K.L.:
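Below you'll find the structure I mean.
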Amino acid sequence: MKGLMLSLALLALSALCAQGDVPVQPDFQEDKIVGKWYGIGLASNSNWFQARKQQMKMCTTVITPTADGNLDVVATYPKQDRCEQKSMTYIKTEEPGRYLSKSPRYGSDHVIRVVETNYDEYTLMYTLKTKGNEVSTIVSLFGRTPVLRPELLEKFQKFAKEQGLTEDQTLILPQTGNI
(Lines give C-alpha, C1' and ligand atoms only; values in the text may rest on other atoms or scores of the structure.)
Protein backbone atom coordinates (compact mmCIF):
# COMPACT_ATOMS: atom_id res chain seq x y z
CA MET A 1 0.00 0.00 0.00
CA LYS A 2 2.86 2.38 0.85
CA GLY A 3 4.39 1.66 -2.56
CA LEU A 4 1.13 2.54 -4.32
CA MET A 5 0.77 5.79 -2.37
CA LEU A 6 4.38 6.72 -3.12
CA SER A 7 3.84 5.98 -6.82
CA LEU A 8 0.73 8.17 -6.93
CA ALA A 9 2.52 10.98 -5.09
CA LEU A 10 5.44 10.81 -7.52
CA LEU A 11 3.05 10.81 -10.50
CA ALA A 12 1.29 13.93 -9.21
CA LEU A 13 4.59 15.64 -8.43
CA SER A 14 6.03 14.87 -11.87
CA ALA A 15 2.87 16.23 -13.53
CA LEU A 16 3.12 19.45 -11.53
CA CYS A 17 6.81 19.82 -12.32
CA ALA A 18 6.16 19.25 -16.02
CA GLN A 19 3.50 21.94 -16.03
CA GLY A 20 5.79 24.33 -14.18
CA ASP A 21 7.82 24.59 -17.40
CA VAL A 22 4.78 25.79 -19.38
CA PRO A 23 4.74 29.58 -19.64
CA VAL A 24 1.80 31.88 -19.03
CA GLN A 25 1.11 34.89 -21.25
CA PRO A 26 3.24 37.78 -19.93
CA ASP A 27 1.14 40.70 -18.63
CA PHE A 28 -2.04 38.66 -19.08
CA GLN A 29 -5.16 40.86 -19.29
CA GLU A 30 -8.18 38.81 -18.30
CA ASP A 31 -10.74 41.38 -19.45
CA LYS A 32 -9.49 41.02 -23.04
CA ILE A 33 -9.96 37.25 -23.17
CA VAL A 34 -13.71 37.36 -22.55
CA GLY A 35 -16.14 36.93 -25.41
CA LYS A 36 -16.73 34.41 -28.17
CA TRP A 37 -14.00 32.08 -29.44
CA TYR A 38 -13.94 29.23 -31.95
CA GLY A 39 -12.24 25.95 -31.00
CA ILE A 40 -9.78 25.53 -33.89
CA GLY A 41 -7.26 22.96 -32.67
CA LEU A 42 -7.11 20.33 -29.97
CA ALA A 43 -4.30 17.99 -28.95
CA SER A 44 -4.31 15.50 -26.10
CA ASN A 45 -2.92 12.21 -24.89
CA SER A 46 -6.11 11.40 -22.97
CA ASN A 47 -7.94 8.17 -23.66
CA TRP A 48 -11.21 10.10 -24.01
CA PHE A 49 -9.81 12.30 -26.78
CA GLN A 50 -8.23 9.41 -28.66
CA ALA A 51 -11.50 7.46 -28.61
CA ARG A 52 -13.60 10.41 -29.90
CA LYS A 53 -11.34 12.58 -32.03
CA GLN A 54 -12.71 11.30 -35.35
CA GLN A 55 -16.19 12.59 -34.44
CA MET A 56 -15.02 15.97 -33.11
CA LYS A 57 -15.93 19.22 -34.88
CA MET A 58 -15.23 22.89 -34.36
CA CYS A 59 -17.14 24.41 -31.43
CA THR A 60 -17.77 27.87 -30.06
CA THR A 61 -16.69 28.88 -26.59
CA VAL A 62 -17.98 31.92 -24.73
CA ILE A 63 -15.98 33.26 -21.79
CA THR A 64 -17.71 35.62 -19.35
CA PRO A 65 -16.55 37.07 -16.03
CA THR A 66 -18.42 36.02 -12.89
CA ALA A 67 -19.43 38.31 -10.03
CA ASP A 68 -16.78 36.74 -7.80
CA GLY A 69 -13.92 37.39 -10.24
CA ASN A 70 -13.65 34.01 -11.93
CA LEU A 71 -14.55 33.04 -15.50
CA ASP A 72 -17.52 31.06 -16.79
CA VAL A 73 -16.59 29.08 -19.89
CA VAL A 74 -19.40 27.59 -22.01
CA ALA A 75 -18.55 25.47 -25.05
CA THR A 76 -21.26 24.69 -27.60
CA TYR A 77 -20.46 21.84 -29.95
CA PRO A 78 -22.30 19.81 -32.57
CA LYS A 79 -23.22 16.28 -31.57
CA GLN A 80 -25.07 14.19 -34.14
CA ASP A 81 -28.10 16.29 -35.20
CA ARG A 82 -28.11 18.77 -32.29
CA CYS A 83 -25.87 21.12 -30.32
CA GLU A 84 -24.74 20.40 -26.77
CA GLN A 85 -23.15 22.61 -24.15
CA LYS A 86 -20.45 22.01 -21.59
CA SER A 87 -19.91 24.58 -18.84
CA MET A 88 -16.97 25.06 -16.51
CA THR A 89 -15.87 27.75 -14.09
CA TYR A 90 -12.23 28.77 -14.27
CA ILE A 91 -11.13 29.79 -10.78
CA LYS A 92 -8.42 32.43 -10.66
CA THR A 93 -5.10 31.70 -9.01
CA GLU A 94 -2.43 34.12 -7.79
CA GLU A 95 -0.73 33.86 -11.19
CA PRO A 96 -2.63 35.86 -13.87
CA GLY A 97 -3.52 33.57 -16.79
CA ARG A 98 -3.52 30.40 -14.64
CA TYR A 99 -6.83 28.88 -13.53
CA LEU A 100 -8.18 25.83 -11.71
CA SER A 101 -11.35 23.98 -12.60
CA LYS A 102 -13.14 20.89 -11.36
CA SER A 103 -15.58 18.72 -13.25
CA PRO A 104 -17.86 16.97 -10.74
CA ARG A 105 -19.69 15.32 -13.66
CA TYR A 106 -16.53 13.63 -14.96
CA GLY A 107 -14.55 13.53 -11.70
CA SER A 108 -11.57 15.44 -13.07
CA ASP A 109 -9.43 18.37 -11.95
CA HIS A 110 -7.92 20.84 -14.41
CA VAL A 111 -5.06 23.33 -14.22
CA ILE A 112 -5.39 25.71 -17.17
CA ARG A 113 -2.76 28.11 -18.49
CA VAL A 114 -3.24 30.80 -21.12
CA VAL A 115 0.11 30.29 -22.83
CA GLU A 116 -0.13 32.91 -25.54
CA THR A 117 -2.74 35.28 -26.95
CA ASN A 118 -3.04 38.52 -28.86
CA TYR A 119 -6.65 38.75 -27.60
CA ASP A 120 -8.23 39.76 -30.91
CA GLU A 121 -7.12 36.84 -33.09
CA TYR A 122 -6.01 33.70 -31.21
CA THR A 123 -5.43 32.09 -27.81
CA LEU A 124 -3.22 29.08 -27.10
CA MET A 125 -4.03 27.20 -23.88
CA TYR A 126 -2.44 24.34 -21.96
CA THR A 127 -4.41 22.16 -19.55
CA LEU A 128 -3.23 19.45 -17.19
CA LYS A 129 -6.17 17.17 -16.46
CA THR A 130 -6.14 14.69 -13.58
CA LYS A 131 -8.78 12.00 -13.20
CA GLY A 132 -7.99 9.39 -10.60
CA ASN A 133 -4.43 8.32 -11.35
CA GLU A 134 -4.61 9.32 -15.06
CA VAL A 135 -2.86 12.60 -15.88
CA SER A 136 -3.45 14.02 -19.37
CA THR A 137 -2.12 16.96 -21.32
CA ILE A 138 -4.48 19.08 -23.43
CA VAL A 139 -3.38 21.85 -25.79
CA SER A 140 -6.12 24.04 -27.29
CA LEU A 141 -6.10 26.69 -29.99
CA PHE A 142 -8.95 29.20 -30.12
CA GLY A 143 -9.66 31.90 -32.69
CA ARG A 144 -11.96 34.90 -32.76
CA THR A 145 -12.98 33.68 -36.24
CA PRO A 146 -13.34 30.11 -37.54
CA VAL A 147 -10.25 30.48 -39.77
CA LEU A 148 -6.76 31.38 -38.54
CA ARG A 149 -3.56 32.17 -40.38
CA PRO A 150 -1.47 29.08 -41.25
CA GLU A 151 1.38 30.36 -39.04
CA LEU A 152 -0.92 30.14 -35.99
CA LEU A 153 -1.91 26.56 -36.83
CA GLU A 154 1.79 25.74 -37.12
CA LYS A 155 2.48 27.46 -33.77
CA PHE A 156 -0.23 25.30 -32.15
CA GLN A 157 1.16 22.10 -33.68
CA LYS A 158 4.73 22.98 -32.66
CA PHE A 159 3.67 23.79 -29.08
CA ALA A 160 1.69 20.52 -28.83
CA LYS A 161 4.77 18.61 -30.00
CA GLU A 162 6.94 20.44 -27.43
CA GLN A 163 4.52 19.16 -24.75
CA GLY A 164 5.18 15.58 -25.86
CA LEU A 165 2.04 15.18 -27.97
CA THR A 166 2.37 13.36 -31.28
CA GLU A 167 0.89 14.21 -34.66
CA ASP A 168 -1.65 11.43 -34.10
CA GLN A 169 -2.73 13.17 -30.87
CA THR A 170 -3.19 16.55 -32.59
CA LEU A 171 -6.28 17.66 -34.49
CA ILE A 172 -7.35 20.74 -36.44
CA LEU A 173 -11.09 20.64 -35.89
CA PRO A 174 -13.25 20.55 -39.03
CA GLN A 175 -15.77 23.36 -39.45
CA THR A 176 -19.48 22.75 -39.52
CA GLY A 177 -22.42 24.94 -40.44
CA ASN A 178 -23.85 24.44 -36.94
CA ILE A 179 -21.61 26.73 -34.91
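Note that this is a predicted model, so its numbers are computed, not measured. Residue numbers start at 1 and run along the sequence shown.
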K.L.:
Evaluate the criterion side-chain contact (heavy atoms from CB on, under 4.5 Å) for residue pair I138 and F49; output intermediate values, then yes/no.
P.N.:
CA-CA 9 Å; I138 304 166; F49 175 74; over 6 Å; no
K.L.:
Looking only at heavy atoms, which two atoms of V139 and A160 are closest? And how far apart?
P.N.:
CG2-CA, 4.2 Å
K.L.:
Begin from the C-alpha positions of F142 and I40 and carry the test side-chain contact (heavy atoms from CB on, under 4.5 Å) through to its verdict.
P.N.:
CA-CA 5 Å; F142 295 94; I40 306 282; 5.7 Å; no
K.L.:
Do side-chain atoms of K131 reach the backbone of D109 as a donor and acceptor pair under 3.5 angstrom?
P.N.:
no
K.L.:
Find the distance between CG (L171) and CZ (R52) and round it off to the nearest 0.5 Å.
P.N.:
14.5 Å
K.L.:
Side chains of L173 and C59: closer than 4.5 Å at any heavy-atom pair?
P.N.:
no
K.L.:
By side-chain contact (heavy atoms from CB on, under 4.5 Å), which residues pair with V24, not counting sequence neighbours?
P.N.:
E95, R113
K.L.:
Could you measure the distance from the OH atom of Y122 to the CG atom of L148? Nearest 0.5 Å is fine.
P.N.:
10.0 Å
K.L.:
Would a single hydrophobic cluster contain both V62 and Y99, if residues Ile, Leu, Val, Met, Phe, Trp and Tyr are joined by side-chain heavy-atom contacts under 4.5 Å?
P.N.:
no
K.L.:
Please report the shortest heavy-atom distance between F28 and P96, naming the atom on each side.
P.N.:
CD2-C, 3.9 Å
K.L.:
Considering all heavy atoms of both residues, which atom of T170 and which atom of F156 are nearest to each other, and what is their separation?
P.N.:
CG2-CE2, 3.6 Å
K.L.:
Would a 4.5 Å heavy-atom cut-off, applied to side chains only, mark I63 and D72 as touching?
P.N.:
no
K.L.:
Is there a donor-acceptor pair under 3.5 Å between the side chain of T123 and the backbone N or O of Y119?
P.N.:
no
K.L.:
Would you say the side-chain atoms of T127 pair up with the backbone N or O of K129, donor to acceptor, closer than 3.5 Å?
P.N.:
no
K.L.:
If you count heavy atoms of other groups shown closer than 6.0 angstrom to CG of D68, is the number above 12?
P.N.:
yes
K.L.:
If every non-hydrogen atom of Y77 is compared with every non-hydrogen atom of Q85, which pair is closest and at what distance?
P.N.:
CE2-C, 4.2 Å
K.L.:
For a quick check under 3.5 Å, do T117 and Q25 share a side-chain donor-acceptor pair by atom type?
P.N.:
no
K.L.:
Between atom NE2 of H110 and atom CD1 of I91, what is the distance when rounded to the nearest 0.5 Å?
P.N.:
11.0 Å
K.L.:
Before giving the answer on side-chain hydrogen bond (donor to acceptor under 3.5 Å, both in side chains), spell out for N70 and T89 the whole-Å C-alpha distance, their side-chain angles and the decisive distance to 0.1 Å.
P.N.:
CA-CA 7 Å; N70 297 311; T89 299; over 6 Å; no
K.L.:
Output all residues satisfying side-chain contact (heavy atoms from CB on, under 4.5 Å) with N47, sequence neighbours left out; order by chain, then residue number.
P.N.:
E134
K.L.:
Decide yes or no on side-chain contact (heavy atoms from CB on, under 4.5 Å) for V34 and T64, but give the supporting numbers first.
P.N.:
CA-CA 5 Å; V34 299; T64 53; 5.9 Å; no
K.L.:
Working to the nearest 0.5 angstrom, can you tell me the gap between T61 OG1 and M88 CE?
P.N.:
11.5 Å
K.L.:
Do any N or O atoms from the side chain of S140 and from the backbone of L42 form a donor-acceptor pair under 3.5 angstrom?
P.N.:
no
K.L.:
Could I get the full list of salt bridge (charged side-chain N to carboxylate O under 4.0 Å, His left out) partners for K92, not counting sequence neighbours?
P.N.:
E30
K.L.:
Say you draw a straight line from OG of S101 to CD1 of I112; how long is it, rounded to the nearest 0.5 Å?
P.N.:
5.0 Å
K.L.:
Kindly compute the distance separating NZ (K102) from OH (Y90), expressed to the nearest 0.5 Å.
P.N.:
15.0 Å
K.L.:
Where do L71 and T66 come nearest, in terms of heavy atoms and distance?
P.N.:
C-CG2, 4.1 Å
K.L.:
Where do V135 and L128 come nearest, in terms of heavy atoms and distance?
P.N.:
CG1-CD1, 3.6 Å
K.L.:
Give a yes or no answer on whether the side chain of N45 reaches the backbone of T137 with a donor-acceptor pair at less than 3.5 Å.
P.N.:
yes
K.L.:
Which residues pass the side-chain contact (heavy atoms from CB on, under 4.5 Å) test with K57, not counting sequence neighbours?
P.N.:
P78, P174, T176
K.L.:
Using the rule given for side-chain contact (heavy atoms from CB on, under 4.5 Å), can you reason through T76 versus K86, listing the C-alpha separation, both sets of side-chain angles and the distance that settles it, and then say yes or no?
P.N.:
CA-CA 7 Å; T76 303; K86 176 183 169 188; over 6 Å; no
K.L.:
Would you confirm whether R144, through its side chain, and K36, through its main-chain N or O, come within 3.5 Å as a donor-acceptor pair?
P.N.:
yes
K.L.:
Applying side-chain contact (heavy atoms from CB on, under 4.5 Å), can you list everything that pairs with D120, at least two apart in sequence or on another chain?
P.N.:
N118
K.L.:
Would you mind listing every salt bridge (charged side-chain N to carboxylate O under 4.0 Å, His left out) that reaches into residues 145-158, with sequence neighbours excluded?
P.N.:
E116-K155, E121-R149, R149-E151, K158-E162
K.L.:
If you count heavy atoms of other groups shown closer than 6.0 angstrom to NZ of K53, is the number above 12?
P.N.:
yes
K.L.:
Is there a side-chain contact between Q169 and S44 (heavy atoms, below 4.5 Å)?
P.N.:
no
